[in-house]
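One structure is given below, encoded as structure tokens.
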Amino acid sequence: MSGDLIRVGVLGAAGRMGRSVADAVAAADGMVLVAAVDPSAPGSRVCNVEVVADIRDLVETGVDVVVDFTVAEASRVNLDVLASAGVHAVVGTSGLDETDIGELRAAFTSSNCLIAPNFAIGAVLMMHFAELAAPWFETAEIIEVHHDGKVDAPSGTAIATAERMAAASADWAPDPTTRVVMAGARGAAGPAEIRIHSLRMRGAVADQEVVLGTDGQTLTIRHDTIDRGSFMPGVVLAVRRIAGIPGLTVGLDALLGI
Ligand code: NAD
């Protein structure tokens with residue numbers, strides 16, 4: 001790090017999340033926003049920093065940590081550049097899969113990378129609680145609700161929740177449906193056939209409900225994101241701590257001690 005201040009760059013700086021991240025970094029103690037990249041808005045300003053179109057211009061500013069909230073195709077290229085340049089990366093972009101994770105694990109050797117499908121601390125706890133509950137129930141389904149600007153489905157959080165629940169129990173009841181009257185009625189079959197239902201709703205930000213059932217009882221674990229501010233404490237925490245967590249880290253759990 002340069003001096004005491006962490007020098008931060010933001011990718012997707014003109015986007016919904018990028019703008020919030022720029023504000024949060026500018027307001028946080030111990031860090032300073034030095035670069036902003038977004039090919040959709042070169043020349044505009046975010047928190048008094050001029051937005052540039054190309055990530056290579058950002059690397060030249062001597063950033064310590066770059067936060068990426070873009071789209072998966074862009075993120076793959078961005079992260080390759082950051083790993084080669086030895087810059088730490090904090091990634092919120094959805095849609096990176098297991099192959100990407102494997103490649104990033106191999107690429108981030110001289111700097112570190114943290115990818116979190118959800119930076120809202122309440123959502124991280126929701127996933128943790130769902131994983132704890134999984135061995136005690138035989139049926140589970142996930143309902144996620146996002147704003148109508150979201151292009152990928154299901155959400156990264158829903159997929160990560162299902163993966164963790166599937167890994168926590170091998171004892172899931174089969175789907176009883178033998179006749180699907182309308183295609184898609186049972187949602188997407190995730191890991192361990194846990195069904196995921198994606199709603200896209202104008203006015204919503206990001207909500208998720210995990211419903212588990214066993215004989216005579218159901219358990220609902222629900223998290224609601226009221227606005228994008230919910231993600232910022234997690235992002236700022238990751239920016240602060242990334243230099244001390246070597247290699248690739250997936251999820252905020254390790255930073256929360258759970
Ligand atoms: P958005 O469409 O508002 O913003 C994305 C921005 O990325 C756009 O301005 C676009 O021009 C820019 N972009 C595209 N290619 C780029 C590149 N090569 N370099 C720099 N910028 C580039 O979307 P959003 O709502 O801000 O969400 C961004 C991503 O973050 C999505 O994948 C979303 O699912 C994810 N997300 C994650 C979390 C989390 O907690 N992990 C929370 C909210 C959103």
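Both ligands and their constituent atoms are indexed starting at 1 by order of listing.
Remark: Glu103 does not engage Arg76 in a salt bridge, criterion side-chain N to carboxylate O under 4.0 Å. Ion pairing between Glu131 and Arg164 holds under the 4.0 Å rule for side-chain N and carboxylate O. Here Lys150 does not pair with Asp148 in a salt bridge; the nearest charged N to carboxylate O distance is not below 4.0 Å. A salt bridge is defined here as a Lys NZ or Arg NE, NH1 or NH2 lying under 4.0 Å from an Asp or Glu carboxylate O, and Glu144 with Arg200 meets this definition.
Between Ile221 atom CD1 and Leu212 atom CG the span is 5.5 Å, to the nearest 0.5 Å. A distance of 7.5 Å separates CZ in Phe231 from CZ in Phe69, rounded to the nearest 0.5 Å.
Atoms of ligand 1 lying under 4.0 Å from at least one heavy atom of Thr93, given by number and element, are 32 (O). Within the listing of ligand 1, atoms 30 (O), 35 (C), 36 (N), 37 (C), 38 (C), 39 (C), 41 (N) sit less than 4.0 angstrom from a heavy atom of Gly92. Close approach to Ser40 involves these atoms of ligand 1, each under 4.0 Å from a residue heavy atom: 9 (O), 11 (O). Of all atoms in ligand 1, listed by their number and element, those nearer than 4.0 Å to a heavy atom of Lys150 are 34 (O). Counting atoms of ligand 1 from 1 in the listed order, those under 4.0 Å from a heavy atom of Phe119 are 39 (C), 40 (O), 41 (N).
Checked by atom type, the side-chain pair Arg228/Ser20 shows no donor-acceptor distance below 3.5 Å. For the residue pair Asp175 / Thr177, a side-chain donor-acceptor distance below 3.5 Å is found, with atom types taken as modelled. Under the 3.5 Å distance criterion, with hydrogens and angles disregarded, a donor-acceptor pair is assigned to the side chains of Glu138 and Thr214.
By heavy-atom distance, the residue among Val81, Asp38, Leu11 lying nearest atom 12 (C) of ligand 1 is Asp38. Counting heavy atoms only, Thr70 comes closest to atom 31 (C) of ligand 1 of the residues Val90, Thr70, Leu58. Counting only non-hydrogen atoms, the option in Ala36, Pro39, Gly95 that gets closest to atom 19 (N) of ligand 1 is Pro39.
Neither the backbone nor the side chain of Arg228 comes within contact range of ligand 1; no heavy atom lies under 4.0 Å. Contact annotation: for Ala116 versus ligand 1, heavy atoms closer than 4.0 Å belong to the backbone alone. Heavy atoms from both the backbone and the side chain of Phe69 come within less than 4.0 Å of ligand 1. Contacts of Pro117 with ligand 1, taken as heavy-atom pairs under 4.0 Å, involve the backbone alone.
Atom 1 (P) of ligand 1 has as its closest protein heavy atom Arg16 NH2, 3.7 Å. Shortest contact from atom 26 (O) of ligand 1 to any protein heavy atom: Met17 N, 2.7 Å. Protein heavy atom nearest atom 4 (O) of ligand 1, with residue, atom name and distance: Gly15 CA, 3.3 Å.
Test Val91, Leu11, Ile242, Leu79 against Val66 for side chain to side chain contact (heavy atoms under 4.5 Å, CB included) and you get one pass: Leu11.
For ligand 1, the polar-atom distance check against Ala74 finds no nitrogen or oxygen pair separated by under 3.5 Å. At under 3.5 Å, a nitrogen or oxygen of Gly12, whether backbone or side chain, sits near a nitrogen or oxygen of ligand 1. Any N or O atom pair closer than 3.5 Å counts here, and Ala14 shares no such pair with ligand 1. For ligand 1, the polar-atom distance check finds an N/O of Ser94 within less than 3.5 Å of one of the ligand's N/O atoms.
Annotation for Ala22 and Leu33: closest pair CB-CD2, 3.9 Å, computed over non-hydrogen atoms. Here the closest heavy-atom approach between residue Gly18 and residue Val10 is recorded as O-CG1, 3.7 Å.
Distances from ligand 1 to the non-hydrogen atoms of Ile55 include no value under 4.0 Å.
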